[in-house]
Amino acid sequence: MTQGATALPYVGRFAPSPTGPLHAGSLLAAVASWLDAARVSGQWLLRIEDVDSARSRDQWRESFRSDLARFGLRPARAPALQSQRNSFYEAAIEQLGAKHLLFRCACTRRELAAEGEPCCLRDCRGRALDPRESALRVDLTAIPPMTVQDRSLGAIVFDPRVHRDVVIRRRDGIITYQLAVVVDDALQGVTDVVRGADLLASTAWQIALQHALDLPALKYLHLPVLTERDGGKLAKSRHAASVSEVEVIPALQQTLRWLRQDWPTLETTQPDEWLRRAALSWDPTRFAGIAAVAIDD
Ligand code: GLU
């Protein structure tokens, strides 16, 4: 697999999970992915990652589109909803099955958490386990080691000795994020993934799954994650609150400040033109190597 071998027109995406409102951190990912696409006149898509039906809420599913539009962020096509795409994920599972890469694993979440280990703890491979009592994993040990250069953070290494396997269907039957994101990026023709550096660890699994499914390689740009001043995750009570009522242009300015970007000095309350101007000077090298930014910076 050669990284970035594709010369296809740029297709980017923003892929929020409707498990909470759009907050300052998700707005940062939305704005950065939009600007990165707009800089090269590419397309920008919206995908609602509601594959986990237990955690997804209609309330957020519905508000994302209008919240984003308020900031001038409009997708090029109707948003894709993962909850309606199960047949694509099942087709991918069949393909992996035909390659003899699947096995069932009975390790419980509690056991895995206690070991701090996402991969199968015991040797569940080859055991005939009840599908209702076990998760479905892809054995990645036969995949060759791979390295992808992130545009900001450098090498993402997939080492089969470390990453060994990945859950693609949970024991409750829910398809996991790792599989859904890989299938959807390919089917939607995505060429460039721009998202928070908190997802960097997942990227190794995703490039391995792309390889296992014979899908094209993508380019990655991982963004600094917004943190509280003490380095902790954004607290719901403070900055992880919804951006649905904040003032639009100041919030966009603040987003670009976190990303060390210049922003247009434009007397306007209209985000569309403001963003188009901001795209002209969009420069991801300004945050190269920065994995986290404190919200008060
Ligand atoms: N749905 C994921 C999230 O909200 C993001 C997935 C991605 O950008 O690959 O964290």
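No experiment lies behind these values; they were computed from the predicted model shown. Values below: all heavy atoms of this structure, side chains included; hydrogens, waters and symmetry mates excluded. Atoms within each ligand, like the ligands themselves, are counted from 1 in listed order.
- Taking the six-membered ring where the residue is Trp, Phe287 and Trp282 present tilted rings, their angle falling between 30° and 60°.
- Close contacts of ligand 1 with Tyr177, meaning ligand atoms under 4.0 Å from a residue heavy atom, involve 6 (C), 7 (C), 9 (O).
- The N/O atoms of Ala15, backbone and side chain alike, include one that comes under 3.5 Å of an N/O atom in ligand 1.
- From the protein, the heavy atom lying nearest to atom 6 (C) of ligand 1 is Glu49 OE1, 3.1 Å.
- Minimum interatomic distance between Ala197 and Leu153 (heavy atoms only, all atoms of both residues): CB-CD1, 3.8 Å.
- Near Val181, meaning under 4.0 Å from any of its heavy atoms, are these atoms of ligand 1: 9 (O).
- The 12-atom threshold is not exceeded at CD of Glu247, counting heavy atoms of other residues, nucleotides or ligands nearer than 6.0 Å.
- Surrounding CZ of Arg109 are at most 12 heavy atoms belonging to other residues, nucleotides or ligands under 6.0 Å away.
- The distance from the OG1 atom of Thr203 to the CD1 atom of Ile156 is 4.5 Å, given to the nearest 0.5 Å.
- Ranking protein heavy atoms by distance to atom 10 (O) of ligand 1, first place goes to Leu199 CD1, 4.1 Å.
- In this structure, atom 8 (O) of ligand 1 lies nearest to the protein heavy atom Arg13 NH1, 2.8 Å.
- In Arg122, the CZ atom is crowded: over 12 heavy atoms of neighbouring residues, nucleotides or ligands sit closer than 6.0 Å.
- Closest to atom 3 (C) of ligand 1 among all protein heavy atoms lies Ser17 OG, 3.6 Å.
- By the criterion of a heavy-atom distance under 4.0 Å, neither the backbone nor the side chain of Phe14 is placed next to ligand 1.
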